[in-house]
2 protein chains.
Amino acid sequence: MRRLPLAVRRAELIDAAVRVIARDGLAKASTRAIVAEADMPLGAFHYVFRTREDMMRALVTEVVDKERSAALAAFEAQGSDTDLRSMLRAGLGSYLALLKTRPDLELAMLEVALYGVRHDATMVADQWQSYHRAAAEGLEKAAELCGVTWRQPIEHVAQSLISAFDGITLTWIAIRDAEAAERHMDFLADSFARLAS
Amino acid sequence: MRRLPLAVRRAELIDAAVRVIARDGLAKASTRAIVAEADMPLGAFHYVFRTREDMMRALVTEVVDKERSAALAAFEAQGSDTDLRSMLRAGLGSYLALLKTRPDLELAMLEVALYGVRHDATMVADQWQSYHRAAAEGLEKAAELCGVTWRQPIEHVAQSLISAFDGITLTWIAIRDAEAAERHMDFLADSFARLAS
DNA sequence: GTCTATACACCGATAGAC
DNA sequence: GTCTATCGGTGTATAGAC
């Protein structure tokens, strides 16, 4: 009836799936709930994806990656005329802003990531590796702008930064204490800035 | 037939539920799977718990708390004749040892915590607050043993420490990179030690 | 008090009408 | 190509036998 290209249907279904997971949780994201959200008949699902697991796999690689990249993009360098500590702090702050506006989405991403660990641990590990690369690029650019250099291999700093992001995310989802998060980010900005000279 | 006290059955069911979740994931932890693991008939489940959600609620408060307390206990002060940095590093290291030996269990705890956020966010927030208190006690004892004092309110340091733990946990579950984890803990021990004088 | 049998909703997936 | 109707299986929960 609607005659949409397969790629469009696919994107709409993944989009609908993310909305359902964010609103109701991964456990409630049945194929029926997803097609209802996308306003499609049930048959359309298995016309696009062979199985539900196929869709979840696509969702993990495409959406979780996009989401985290957006977070790291927010982290990336803005104005140049500041010191490294302030720049790091601003990046962390804009990530917290993202957490505040869409906590449901971050919770969804976390549920999906844990699903990925259960079903294809390698896929999730690769995903995190790509965060490391993105973080390393951001850290390099920040150091350039501030005219400093990292005293440790930038990959190692990037790994610690991702772990710090992971902590901020999980802690925020658990207790949503804005003041504690701000203080913790002050601490992190100080600590990371000390790794450069 | 077996005539066990209700409390014993209850404990056995929760224990079986944790094993199932650790082994197969929260999504597979149906009432049937749990009673099979506990070697009980299905009826026993609803004799002890009114609904599955009732059991999950009990599991969140009792088990997740116990698990995290064990982690923080591992963190707590051991030998006295060292500096604060080494003591913090040792504590973090013993938590990583716990992650290494039972990654399935930590993944299970994380799944359960996210379930809790979806179904009773207050309960999870209270849980994290109790971690904060436990962490604060550990930090106080560590500072005493080293003859130093924290330059910031110990509650704030504890909040950051828990967030660091959260990050270590999530990162480990995602990529299980032991070397990166060790390096990150070196960085954390340095950074936290700087908060005392 | 304990367990079996079963009710009933919903799941993923597909066959077959159009 | 698209959608409806339905299958087989599993979920939670309970009624009723013992």
Side-chain angles (χ1 to χ4, degrees), chain A residues 1-60 63 108 111-112 114-116 118-120, chain B residues 1-60 63 108 111-112 114-116 118-120:
Chain A
M1 186 192 274
R2 293 172 65 198
R3 281 291 190 166
L4 288 173
L6 201 81
V8 174
R9 293 218 153 187
R10 188 188 140 97
E12 283 184 9
L13 280 170
I14 290 182
D15 219 54
V18 172
R19 284 198 302 274
V20 172
I21 298 171
R23 192 204 317 129
D24 306 320
L26 181 57
K28 294 276 186 66
S30 62
T31 55
R32 285 182 158 86
I34 293 167
V35 294
E37 175 73 24
D39 198 30
M40 292 182 195
L42 180 57
F45 188 96
H46 291 284
Y47 174 66
V48 177
F49 299 105
R50 201 175 59 82
T51 67
R52 181 181 184 273
E53 181 158 332
D54 268 19
M55 192 226 59
M56 285 299 300
R57 186 175 303 271
L59 200 157
V60 172
V63 182
E111 288 180 321
V112 170
L114 293 193
Y115 175 93
R118 286 270 180 216
H119 290 77
D120 189 345
Chain B
M1 186 192 274
R2 292 172 64 199
R3 280 296 192 159
L4 289 172
L6 201 80
V8 174
R9 292 221 155 188
R10 187 187 141 97
E12 284 183 9
L13 279 170
I14 290 181
D15 218 55
V18 172
R19 284 198 302 274
V20 172
I21 298 171
R23 192 205 316 128
D24 305 321
L26 180 58
K28 295 278 186 67
S30 62
T31 53
R32 284 184 154 90
I34 293 167
V35 295
E37 176 74 25
D39 198 29
M40 291 182 195
L42 181 57
F45 188 95
H46 292 283
Y47 174 66
V48 177
F49 299 105
R50 200 176 60 83
T51 66
R52 181 182 184 272
E53 181 158 336
D54 268 20
M55 191 225 62
M56 284 299 301
R57 187 175 302 272
L59 200 155
V60 173
V63 182
E111 287 180 322
V112 169
L114 294 192
Y115 176 94
R118 286 269 179 216
H119 290 76
D120 188 345

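Heavy-atom neighbours of B:Arg23 CZ from other residues, nucleotides or ligands within 6.0 Å: above the threshold of 12.
We find that CE of A:Met40 is positioned 14 Å from P of D:dT4, with the value rounded to whole Å. Nucleotide C:dA17 holds its C1' atom 17 Å from the OH atom of A:Tyr47, rounded to whole Å. Between the C1' atom of D:dT2 and the CZ atom of A:Phe49 lies a distance of 17 Å, rounded to the nearest Å. Spacing between atom CG of A:Leu13 and atom P of D:dC3 amounts to 11 Å, rounded to whole angstrom units. A:Met55 has its CE atom 14 Å from the C1' atom of C:dC11, to the nearest Å.
Taking both residues in full, the closest heavy atoms of B:Val20 and B:Ala29 are given as CG1-CA, 3.8 Å, listed atom of the first, atom of the second, then distance.
Considering B:Asp15, B:Asp54, B:Ile14, B:Leu13 as possible partners of B:Leu59, the one that fulfils the side-chain contact (heavy atoms from CB on, under 4.5 Å) test is B:Ile14. Paired with A:Phe49 under the rule side-chain contact (heavy atoms from CB on, under 4.5 Å), one option of A:Arg57, A:Met56, A:Met55 passes, and it is A:Met55.
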Below 3.5 Å between N/O atoms, which protein atoms pair up with nucleotides 11-16 of chain D? Just atom names and distances, please.
unit_1: D:dG11; atom_1: OP1; unit_2: B:Ser30; atom_2: OG; d: 3.3
unit_1: D:dG11; atom_1: N7; unit_2: B:Arg32; atom_2: NH1; d: 3.3
unit_1: D:dT12; atom_1: OP1; unit_2: B:Thr31; atom_2: N; d: 3.2
unit_1: D:dT12; atom_1: OP1; unit_2: B:Arg52; atom_2: NE; d: 3.0
unit_1: D:dT12; atom_1: OP2; unit_2: B:Thr31; atom_2: N; d: 2.8
unit_1: D:dT12; atom_1: OP2; unit_2: B:Thr31; atom_2: OG1; d: 2.6
unit_1: D:dT12; atom_1: O4; unit_2: B:Arg32; atom_2: NH1; d: 2.9
unit_1: D:dT12; atom_1: O4; unit_2: B:Arg32; atom_2: NH2; d: 3.4
unit_1: D:dA13; atom_1: OP2; unit_2: B:Arg52; atom_2: N; d: 2.7

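Atom CG of B:Asp24 is separated from atom CZ of A:Arg118 by 7.5 Å, given to the nearest 0.5 angstrom. Note that the CG atom of B:Asp120 and the OH atom of B:Tyr115 stand 10.0 Å from one another [nearest 0.5 Å].
Distances were taken from every side-chain heavy atom of A:Pro41 (C-beta onward) to each of C:dG1, D:dC3, D:dT2; the shortest belongs to D:dC3.
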